[in-house]
Amino acid sequence: MVNSTTDRRTFIRAVVVTLSGAFLLVAGAADKIFRFFFGPRLSRQDESKLMKARLQRLKEAETQRALDLERQESDYILVAALSQLSPSEGKYFIDYEMRPALAFLGSDGLPNLLSAKCTHLGCTVGNIAEEGKILCPCHISYFDIKSGQPNLGSPAKLPLPHVAWVLKNRSGEIVAMRTSDGETHGTTSGAALNDCDVYISKSEVQSLS
Amino acid sequence: MRSPILSFLATRVPLDKLGVRSMMEHKSVPVHSLSWGYYTGGLTMLFLVIQIATGLLLLFYYQPTVTDANLSVEYITNNVSTGALLRNMHTWSSSAMVLFALIHLLATFAMKAFDKPRELTWLSGVCLLIVTFAFAFTGYLLPWNQLAVNATKVVFQAIDAVGQYLPGSLAQLPHFLRETFQGEAALGQSTLSRFYALHVVILPFALTAILAFHLIAVQLHGMSQGVDKPSERTEKFVPIFFLKDLSVWTSAFLILAVVSLTVPFDSFLSFPLLRPYNALQATPPGIKPEWYFYFLYYPLELLPFWLVLLGTFVAVSLLVLAPWIFRSTSRRTLQVMALCASAYLFTITVFGQQIYDLLKKQ
């Protein structure tokens with residue numbers, strides 16, 4: 001037989017427990033929601049840290065925008081001083097199509113510029129040349145920096161294209177140049193190269209000035 | 001006399017049956033060995049609702065600019081109250097949504113739920129799956145870290161590569177599409193703005209419209225019988241099945257909450273992948289898409305591009321034309337096909353890396 005008193009008591013207990021649980025849940029959620037919309041209140045130290053990080057990102061964006069503008073307006077873009085280039089550690093730069101590229105010092109003492117956009121799926125290849133090869137870490141392709149060719153069996157099938165360059169002395173005269181088909185013209189050795197800077201040009205330079 | 005197109009539509013979209021009361025009174029769910037399949041659509045929708053709720057909250061703090069996107073994501077994670085939990089829920093729930101959308105597709109395929117008069121319901125479901133993948137792809141870029149930008153670059157390059165297999169002027173189409181989505185010479189602010197607009201405005205509109213059609217079509221036609229021999233047992237949708245649905249949703253939500261509270265989604269990724277994107281740095285090793293793209297990613301790594309492209313074209317065509325191609329195929333055959341597809345998806349998703357290592361060593 002059903003005991004109506006016990007039954008009522010059980011029901012009331014269940015209601016109280018359920019309502020208490022619901023109240024705690026709503027209070028907890030409301031607290032979180034309120035704090036979420038109110039927003040964090042950072043300490044001065046954390047606020048400064050955040051502002052510095054924002055400033056740093058803005059500077060990086062400014063550099064990127066300056067690169068964009070430079071590619072719009074300039075016929076030549078400075079890559080690096082020839083003396084700064086290394087045969088084993090490439091210097092990243094951005095070409096006229098805003099693609100990453102690398103500048104090495106070739107075994108002939110002249111610049112060796114090649115695209116850093118992997119010909120497999122477009123990742124940016126690494127800039128450290130070990131035994132004359134650079135690695136695309138995305139899907140493991142090794143590229144010979146001299147020929148641009150990928151290793152046998154690598155996912156990349158096409159070579160990294162070479163980028164044409166010109167060498168200018170301090171007076172702005174073109175001392176040497178290499179066309180995109182790999183031909184080199186001008187002074188390719190000697191003291192004349194000591195103070196030269198490496199540039200890429202918007203349209204391919206056909207002859208020395 | 002009605003034109004053939006009008007009578008086709010009148011059978012598939014019987015608007016005269018549109019009445020909430022009659023649907024509530026008459027809608028019933030067959031009970032049989034594949035009845036679990038009826039829960040998968042509801043679960044997909046639950047995770048969609050969670051995506052919308054958490055996504056709306058993340059909008060309060062996310063800043064879609066190349067300078068601030070990554071920083072704002074860090075700010076949400078480290079400083080905003082429950083920010084880390086919201087991000088975690090958004091990401092885990094996106095995985096769950098894709099998972100259940102795939103299970104729903106395979107289950108409805110196995111149950112031949114695309115059979116007349118439900119062809120348009122099936123087609124809208126296939127569209128919803130594509131939109132879901134588009135959501136996942138566009139959302140992946142928004143944190144603007146090394147992983148996000150480089151993975152997007154890889155997809156763009158793959159889109160570009162499709163052009164070489166297309167005839168005549170069509171060959172330019174993938175390149176044109178890539179440039180349209182990229183917006184500028186390299187991945188930058190224009191790309192981020194486009195992906196953001198797609199992720200938070202355009203795709204939600206598209207999803208809402210297609211989902212509304214899908215749900216109305218499901219209500220109008222009722223649940224498909226699912227098995228060859230119609231089940232004698234059924235249960236009323238309201239309230240029996242609806243209450244069961246609610247209990248399944250509650251359990252799923254609790255599991256998601258526990259996982260989101262305890263397992264940060266990025267704990268499986270190495271730190272260099274999560275650093276802010278820098279165009280003048282080598283791509284860090286380990287660039288991979290999310291797990292739900294592995295079914296395409298590993299074949300791309302292992303097989304010739306043209307073969308993967310052909311396979312994708314055939315698979316998408318089969319999905320779109322399933323109501324007509326498999327019109328007279330038995331449910332038993334469809335179940336075997338769905339099982340094979342599930343086995344492939346499971347194996348390539350869970351053991352893809354091992355298979356890749358094994359084949360590459362040979």
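Naming: A, B, ... by sequence-line order, numbering from 1 per chain. Any value given below was found using the heavy atoms of this structure, including those in side chains, with hydrogens, waters and symmetry copies removed. Just so you know, these numbers come straight off a predicted model, no measurement behind them.
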Closest heavy-atom pair and its distance - F36(A), L57(B): CZ-O, 3.0 Å

Per-residue contact mode, T119(A) against chain B (heavy atom under 4.5 angstrom): backbone

Heavy-atom contact with chain B under 4.5 Å, split by part of E60(A): neither

Contacting moiety of C136(A), where chain B heavy atoms sit under 4.5 Å: neither

A282(B) backbone acceptor or donor facing Y92(A) side chain under 3.5 Å: yes

Test side-chain contact (heavy atoms from CB on, under 4.5 Å) applied to R54(A) and L71(B), step by step: CA-CA 7 Å; R54(A) 277 196 182 135; L71(B) 210 55; 3.1 Å; yes

Side chain proximity check, N70(B) to R57(A), heavy atoms < 4.5 angstrom: yes

Atom of I94(A), atom of A279(B) and distance for their closest heavy-atom approach: CD1-CB, 4.5 Å

Heavy-atom pair of closest approach, residues D68(A) and E184(B): OD2-OE1, 4.5 Å

Gap between atom CG of L121(A) and atom CD1 of I287(B) - 0.5 Å precision: 11.5 Å

Main-chain N/O of T124(A) paired with T283(B) side-chain donor or acceptor, under 3.5 Å: yes

Heavy-atom pair of closest approach, residues S81(B) and K32(A): OG-O, 4.0 Å

Distance, nearest 0.5 Å, that separates CD of Q189(B) from CZ of R65(A): 7.0 Å

Side chain, backbone, both or neither of L42(A) within contact of chain B (heavy atoms, under 4.5 Å): side chain

Distance, nearest 0.5 Å, that separates CG of N278(B) from CD of Q64(A): 8.5 Å

